[in-house]
Amino acid sequence: MELDKAYNHETVEDRIYKMWMDSGYFNPDKLPEADKREPFTISLPPPNVTGVLHMGHAFEDTIQDTVIRYQRMKGKRALWVPGTDHAAIATQAKFEKEHYKKQGKSRHDYSRQDFFEMIQEFALANQKGILSQLHKLGLSLDWSRLAFTLDKDRELAVRTAFKQMYEAGLIYRAHRVVNWDVKGQTTVSDDEIEYEETKTKLYTFRYSQDFPIPISTTRPETKVGDTAVAVHPEDSRYQKFIGREFDLEFCNVPLHIKVIADKEVDPAFGTGALGVTPAHSMIDYEIALRHNLPLKPVINEFGKMTVGGALLEGKKTAEARLAVAGWLKNNNLLEKEEDTTQNLSRAQRTGGVIEPLPKLQWFINVNSKFEIRNSKLKSIKDGEKITLKDVMKRVVQNGQIKIMPERFEKIYFHWIDNLRDWCISRQIIYGHQIPVWYKNAGEATGNRQQEIYCDTNPPKGEGWQQDTDTLDTWFSSGLWTFSTLGWPPSAKASEGKLNDLQIYHPTSVMMPGYEILFFWVARMILMSGFLLGDIPFRQVYLHGIVRDKQGRKFSKSLNNGIDPLEMTGKYGTDALRFALVFGAAPGNDVIFDEQKVKGMKHFGNKLWNISRFVLTNLENSKFEIRNSKLEAKGITDADKDILAKLGAAITNVTKNLDNFQLHEAAQEIYQFVWREFADVYLEASKEQMKDKVLAENTKKLLLHILINSIKLLHPFMPFITEELWQKLHEAKLLSKDSILMVSDWPKEHK
RNA sequence: GGGCAAUUAGCUCAAUGGUAGAGCGACUCGUUUACACCGAGUAGGCCGUAGGUCCGAUUCCUACAUUGCCCACCA
C-alpha cells in the first residue's frame with residue numbers, strides 16, 4: 001500500500017467525519033460498556049442561530065473538542081451537547097432589518113403571533129448554516145441531543161424555572177428605575193450596558209433666584225424632574241438648609257424641592273450639592289428610596305421630554321439640554337459652564353442611548369433569602385435559608401466550582417458584590433414569553449382587583465391575558481446545562497433507569513470566553529443552585545479572545561474577520577486547530593496568524609511522511625506483529641533513548657491535558673514527533689535496519705512510536721491521525737481498535 | 001476612583017528559585033529514494049526599571065513606568 005507523497009486534507013476530512021458519524025460514538029451511550037464508564041460532560045456554549053462561524057468559535061470549539069476526544073480515549077462516557085441560542089434581541093433586530101429591506105414592512109404590520117413565527121422560521125432556517133460549519137471543524141458533538149434555547153423542551157424548562165422562582169418569591173414584578181434602551185425600545189440588564197467616554201459640559205446654576213443652593217449637572221434637562229437637593233450631612237455651608245422645602249418654578253415647570261442630607265454626596269464635587277432626579281438616574285433613585293422622595297418622570301420611552309411646555313415638551317434630551325441652558329442664561333441663573341468628560345451609557349446590542357426610566361418590570365431578587373431544597377452544595381445544608389448571591393459566591397469560595405485561570409475568581413466575586421436585582425423582562429417579541437397571565441389587567445380601573453396567574457400552562461377560563469413581555473435571553477441560557485439534559489424530568493420517567501440528568505449532570509467543565517463570565521457563567525450557577533440545589537459544572541475554563549495581527553478584536557465594523565472555513569479549506573482543519581491551540585494559555589488572548597496555520601500544516605505533513613516511511617519499510621520487509629516486546633539482544637542506545645522520550649511525552653501530554661494546559665500538551669507532542677522521532681530516531685533507524693540483528697527491534701519500535709504519536713496527537717489533529725490509523729489497519733499493522741477516536745489513550749511508562 | 005493582568009529573541013507567545021525555549025521570520029550550506037510542506041547549521045535576549053528576600057531571582061516580595069482589560073459612574 002502506498003501513501004500519497006503529501007497529506008491532502010481535501011480528500012480525507014469529509015470521509016473521516018462521515019465514518020465517525022456512522023460509528024455512532026459521538027453519542028456516549030453507544031460506546032462499548034457505556035454503563036461502566038465514568039461520565040464526562042461538556043455543554044457547548046450555544047452559538048447564535050443566525051450567526052456565522054467566526055475564528056472565536058473555531059478556537060472555543062477546538063479546545064472543547066480536544067478535551068472531549070482526550071476524555072473519550074481515556075475511557076470516559078464522553079458527552080458533548082450541541083445547541084444553538086435564539087439570542088432574542090440580536091435575532092429579532094436582524095430579522096426586522098432584513099424583512100424591512102425586502103418587504104418594506106415592520107413589526108407593527110403583523111400580529112404578535114405571526115411576527116414571532118416569522119422570526120422563528122428565519123432563525124431555524126439560518127441554524128442549518130451554523131451547524132454545517134460546526135461539522136466542518138470535525139467536532140465530536142452528540143448531534144442526537146441537539147437543542148435550541150427556544151424550542152418546546154426548553155420552553156417547558158423556562159416556564160418551570162420561572163414558576164418555581166416566582167413561588168419562592170425570588171421573581172417579583174415592580175415599578176423601578178430600569179435601563180431603557182431608547183433605540184431598541186426595551187429594557188436591558190446592567191450587564192448589557194457599555195460606557196463610552198464623551199466630552200460634555202458641566203453646568204452650575206440655581207433653579208431660581210430664590211433658591212439658596214447652586215447645583216452642578218451634565219444633564220440640566222433632567223432637572224425639571226428633581227424632587228430634592230442632596231448635600232453631605234457634615235457640609236457646613238448647607239447645614240441650615242437641611243430639611244427645608246421649597247416651591248419654585250424652573251423652566252416653566254413647578255418643582256417642589258426638599259433639601260436632604262446623604263453621605264453619598266461628595267462635598268468636593270461641583271458645589272457640593274446634588275440635584276436629585278429620582279426618575280432618571282440610578283444613583284438618584286437609590287437616594288430617593290432612602291429618603292422616601294417622590295418620582296417625577298419627565299422623559300418618555302422615546303427619549304423625549306414630557307413636561308416644560310413650549311420650551312421643552314416633545315424635544316429630545318440633547319435638544320432640551322440646550323434649551324435649558326439657554327433658559328438659564330436668559331434668566332441669569334447660570335453660574336458656570338465647564339468642559340468635562342462623562343461616561344455615556346449605551347446598549348451593548350443596539351448601540352442605543354440608555355435612558356434610566358421608572359417602569360413596571362420583572363426582576364430576580366438576588367438579596368432575599370429562600371429555602372434551599374435537595375442541596376448537593378458543599379457547606380450549604382438542605383433547608384438552609386440563603387440568598388442567590390450567597391449561593392453564587394459560596395460554591396466558588398468552597399472550591400466546588402473551580403474557575404481557571406484563578407484570577408477570574410476575584411473578578412467574579414467583585415461582580416457579585418456589586419450585583420443588583422436582575423431585570424429579566426424585555427419588550428421584544430422574539431423570546432420566551434413570560435408565563436404569567438392577568439385578569440382585569442387595566443390597573444387604572446380602580447376597585448376591580450387584578451388577578452395574577454403563573455404556571456407552565458395558561459389558566460382555564462375567560463378573560464386571561466398573558467404578559468406581553470419576553471425574558472432576557474440569558475434567563476434560558478442560565479438553564480442550559482440541565483435544560484439540555486431532560487430537566488424538568490417528566491412525571492412518567494422510567495423507573496429504575498438513570499436519566500441523562502442523573503448521569504451527565506453536573507457537567508464536568510464549561511469552556512466559554514472570559515467575556516461572558518457574568519452574563520452566562522454566573523447565571524448558570526444561580527439557576528442551577530436554586531432549581532437543582534446543585535452546581536452546573538465542576539470547572540470553568542475561560543479562554544481568551546482571538547484577535548487580528550494588530551491585536552484588534554474581529555468585528556463587522558472593522559471588516560477584519562477571517563473565515564475559519566477559508567483557513568480549513570486552504571490548510572486543513574487539523575492545521576487550523578493545532579495553530580489555535582498551540583501557544584494559547586488559558587484566559588489569554590490569541591493573535592491569529594495565518595503563517596502559524598501554514599506551519600502546522602507542515603507539521604501534519606511531517607507526521608504523514610513519518611508514517612509513509614514506517615509503512616514502506618515495514619511492508620517491504622514482510623514485517624509481522626507477533627508481539628511488541630523487544631528482543632533482549634540488540635537494543636541500541638537510540639532505541640532506549642526514543643523509548644524514554646516517548647515515555648516522557650506520554651506523561652507530559654497526559655498531565656497537561658488533565659490540567660487543561662492544552663498549549664503545553666500541544667508543544668510537547670510537537671517537539672516529540674518532529675525533533676525526537678523524525679529528526680533523531682528515524683534517521684538512526686535507517687542504519688539500524690541495515691543490520692539484521694537490529695532490524696527486528698527497530699521495526700517494532702518504529703511502529704510502536706508511530707502508533708503512540710498518532711494517539712497522542714489525535715485530540716488535536718483528529719482527521720490526519722484517524723486517516724493514518726485506517727492506513728495502518730489496511731496494511732495489517734494494527735489488529736484491534738478499528739477506530740482511533742475510541743481507541744485507548746497511551747499508557748504511561750513506568 | 002477601585003481592581004486584575006501583561007512587559008522574555010525581529011514578530012507572536014510559552015516555561016521556570018540553579019547555564020532561557022518554541023513557532024514564524026533572517027542568514028549560511030545542502031535536492032544521497034519519508035518529507036523542499038525538507039535537512040544540517042548560524043545569528044539574535046543584562047527575561048520593563050529600581051530596590052529587597054535568598055548561597056543563588058527572569059521566577060518570590062515592594063515600588064515605579066508603560067500597555068491592555070474588568071468594575072464603579074463625580075451628579
Side-chain angles (χ1 to χ4, degrees), chain A residues 2-8 190-191 193 195 197 200 202-204 215-220 222-223 226 229-230 262 264-277 280-284 287 340-345 356 405-419 514-515 517-518 544-545 547 549 551 553 571-572 575 578-579 582-585 587-617 656 661 663-664 666-668 670-671 674-675 677-679 682-683 685-686 702 706:
Chain A
E2 276 287 300
L3 288 189
D4 294 341
K5 203 168 174 185
Y7 170 62
N8 181 2
D190 294 346
D191 300 284
I193 295 175
Y195 298 96
E197 202 166 82
T200 184
L202 180 69
Y203 301 92
T204 301
I215 56 168
S216 299
T217 184
T218 53
R219 296 201 62 188
T222 65
K223 299 289 107 182
D226 282 12
V229 163
D262 195 288
E264 286 295 299
V265 180
D266 176 3
F269 185 88
T271 62
L274 163 67
V276 184
T277 321
H280 298 291
S281 154
M282 282 290 178
I283 302 283
D284 293 6
I287 293 176
T340 184
T341 54
Q342 183 201 28
N343 278 335
L344 184 70
S345 316
E406 214 170 323
R407 64 174 186 270
F408 285 102
E409 292 192 356
K410 285 183 204 160
I411 298 175
Y412 174 80
F413 291 136
H414 184 251
W415 176 81
I416 293 176
D417 289 339
N418 286 300
L419 186 62
Y514 59 72
E515 74 274 15
L517 175 62
F518 309 140
I545 294 169
R547 296 173 180 276
K549 272 196 113 172
K553 277 190 186 181
Y571 304 105
F578 210 65
F582 203 86
N588 286 6
D589 292 351
V590 182
I591 305 281
F592 182 80
D593 181 6
E594 186 171 340
Q595 283 304 309
K596 200 167 165 188
V597 184
K598 193 175 163 194
M600 293 311 163
K601 180 196 157 130
H602 296 173
F603 173 61
N605 195 55
K606 191 73 187 177
L607 180 74
W608 184 263
N609 275 290
I610 291 168
S611 309
R612 208 155 82 94
F613 175 85
V614 173
L615 273 167
T616 348
N617 278 287
N656 284 316
Q661 303 293 325
H663 61 299
E664 290 204 56
Q667 193 134 338
E668 181 76 29
Y670 182 101
Q671 288 301 309
W674 203 318
R675 302 277 95 94
F677 189 17
D679 289 352
L682 201 135
E683 291 305 322
S685 78
K686 289 176 184 170
L702 281 173
L706 178 63

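Lettering follows sequence order; numbering is per chain, from 1. In this text the structure is predicted, and so the values were computed from the model without any measurement.
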At under 4.0 Å between heavy atoms, what does [X] touch on the DNA or RNA strands: base, sugar-phosphate, or nothing?
X: A:K5; value: sugar-phosphate
X: A:L274; value: base
X: A:E683; value: base
X: A:R675; value: sugar-phosphate
X: A:I610; value: base
X: A:D284; value: nothing
X: A:T218; value: sugar-phosphate
X: A:A585; value: sugar-phosphate
X: A:Y514; value: nothing
X: A:L202; value: nothing
X: A:A678; value: base

If I pick the [atom1] atom on [M] and the same atom on [N], what distance separates them, to the nearest angstrom?
N: B:U42; M: B:A22; atom1: P; result: 12 Å
N: B:U58; M: B:G17; atom1: C1'; result: 10 Å
N: B:G18; M: B:G56; atom1: P; result: 14 Å
N: B:A9; M: B:A26; atom1: C1'; result: 12 Å
N: B:G44; M: B:G52; atom1: C1'; result: 32 Å
N: B:U59; M: B:A6; atom1: P; result: 13 Å
N: B:A65; M: B:A72; atom1: P; result: 26 Å
N: B:C27; M: B:U16; atom1: P; result: 34 Å

Given that both distances must come in under 3.5 Å, which nucleotide forms a Watson-Crick or G-U wobble pair with [N]?
N: B:U31; result: none
N: B:G23; result: B:C11
N: B:U66; result: B:A6
N: B:C37; result: none
N: B:G18; result: B:C55
N: B:C47; result: none
N: B:G1; result: B:C71

Output the single nucleotide from [options] whose closest atom is nearest the side chain of [X].
X: A:N605; options: B:C13, B:A75, B:C35; value: B:C35
X: A:K601; options: B:C37, B:A34, B:C74; value: B:C37
X: A:F582; options: B:A34, B:G23, B:G39; value: B:G23
X: A:H602; options: B:C37, B:A34, B:C73; value: B:C37
X: A:K223; options: B:A40, B:A75, B:A34; value: B:A75
X: A:Q595; options: B:C24, B:C71, B:A36; value: B:C24
X: A:N588; options: B:A75, B:C13, B:G39; value: B:C13
X: A:K596; options: B:A40, B:G23, B:A34; value: B:G23

Donor-acceptor pair, side chain of A:K596 and main chain of A:F582, under 3.5 angstrom: yes
Any donor-acceptor pair under 3.5 Å from A:D4 side chain to A:A6 backbone: no
Closer than 4.0 Å, any side-chain N/O of [X] to the OP1 or OP2 of [N]?
X: A:R407; N: B:C4; value: no
X: A:W674; N: B:C38; value: no
X: A:H663; N: B:G23; value: no
X: A:K686; N: B:A34; value: yes

Whole angstroms only, please: what is the [atom1]-[atom2] distance between [X] and [N]?
X: A:F592; N: B:C24; atom1: CZ; atom2: C1'; result: 13 Å
X: A:D593; N: B:A22; atom1: CG; atom2: C1'; result: 14 Å
X: A:F518; N: B:C4; atom1: CZ; atom2: C1'; result: 11 Å
X: A:Q342; N: B:C74; atom1: CD; atom2: P; result: 10 Å
X: A:E515; N: B:G68; atom1: CD; atom2: C1'; result: 15 Å
X: A:W608; N: B:C35; atom1: CH2; atom2: P; result: 14 Å
X: A:L419; N: B:A72; atom1: CG; atom2: C1'; result: 14 Å
X: A:E664; N: B:G21; atom1: CD; atom2: C1'; result: 11 Å

Is it the case that the base of [N] and the side chain of [X] share a donor-acceptor contact (distance under 3.5 Å, atom types as modelled)?
X: A:E668; N: B:A22; value: no
X: A:N343; N: B:C73; value: yes
X: A:K606; N: B:C35; value: yes

A:R612 vs A:K598, nearer the 5' end of RNA chain B by closest nucleotide: A:K598
Residue whose closest nucleotide on RNA chain B lies nearer the 5' end, A:D679 versus A:F408: A:F408
Mind checking whether [X] and [Y] have side chains closer than 4.5 Å, heavy atoms only?
X: A:F677; Y: A:L702; result: yes
X: A:D284; Y: A:T222; result: no
X: A:K549; Y: A:E594; result: no
X: A:L517; Y: A:W415; result: no

CA sep, side-chain torsions, deciding dist, call: A:T200, A:L344, side-chain contact (heavy atoms from CB on, under 4.5 Å): CA-CA 10 Å; A:T200 184; A:L344 184 70; over 6 Å; no
Heavy-atom closest pair, residues A:Y195 and A:S345: CE2-OG, 3.5 Å
Heavy-atom closest pair, residues A:L682 and A:A678: CB-O, 3.3 Å
Parallel, tilted or perpendicular: rings of A:W608 and A:Y7 (30°, 60°): tilted
